[in-house]
Amino acid sequence: MSTERTYIMLKPDCVRRGLMGEVISRIERKGFQITAAKMMRLDEDILRIHYAHLVDKPFFPELVAYMTSGPVLAMIVEGEGVIDGMRRLMGKTKYEEAQAGTIRGDFATSTTENIIHGSDGPETAEAEIRRFFGPEA
Ligand code: DAT
Ligand code: MG
């Protein structure tokens, strides 16, 4: 394992429900470092790029409505094996599969409203960091 960085985003339900502190605390307690953070509002254009693998899915309009429903907290998180490590802390995508003890298992209310985004591999991590923090990040 090596020191890596990943793109993490606390989604609108996390912000709205006052769960940012809880989730940030789990990231910090695991020993990962938050090296950049900013509140943002997303529009459909950036979501069509960020979720390009999902634009043809029937749930895409619902995903856009949810992700544009309020501000998100965009973060760069660094640490040993942080890409997979954050995916383990987050829990599985599907609501029924996210285990208790994970962020999604403990707080998600549906597969759509699932609190947190984390990059799924090294290439997507770098692309997503540039997408949300700009080419110099
Ligand atoms: P992840 O967020 O775990 O990387 P993903 O990239 O496959 O998962 O999908 C992105 C988001 O799209 C996911 O967090 C929630 C939504 N989504 C995925 N599959 C879905 C489904 N079957 N029904 C509703 N929303 C879904
Ligand atoms: Mg994904």
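For clarity, every value in this text was computed on a predicted model and none was experimentally measured. Quick note: numbers below take in every heavy atom, side chains included, and nothing from hydrogens, waters or symmetry partners. In each ligand, atom 1 is the first atom listed, and ligand 1 is the first ligand listed.
- Partners of Arg88 under the side chain to side chain donor-acceptor pair (under 3.5 Å) rule, at least two apart in sequence or in another chain, do not exist in this structure.
- The ring-ring contact (aromatic ring centres under 6.0 Å, His included) test applied to Phe32 returns no partner, not counting sequence neighbours.
- Relative ring orientation between His50 and Phe132 is described as perpendicular, the plane-to-plane angle rising above 60° on a 0-90° scale split at 30° and 60°.
- The residues Glu126 and Arg5 are annotated as salt-bridged, a charged nitrogen and a carboxylate oxygen being separated by less than 4.0 angstrom.
- Applying the side chain to side chain donor-acceptor pair (under 3.5 Å) rule to pairs touching residues 102-116 yields Lys11-Asn114, Arg26-Asp106, Glu62-Thr112, sequence neighbours excluded.
- Side-chain N or O atoms of Arg48 include none that pairs as donor or acceptor with a backbone N or O of Val55 at under 3.5 Å.
- Residues lining ligand 1 at a heavy-atom distance below 4.0 Å are given as Lys11, Tyr51, His53, Leu54, Phe59, Leu63, Arg87, Thr93, Arg104, Thr111, Thr112, Asn114, ordered by chain and residue number.
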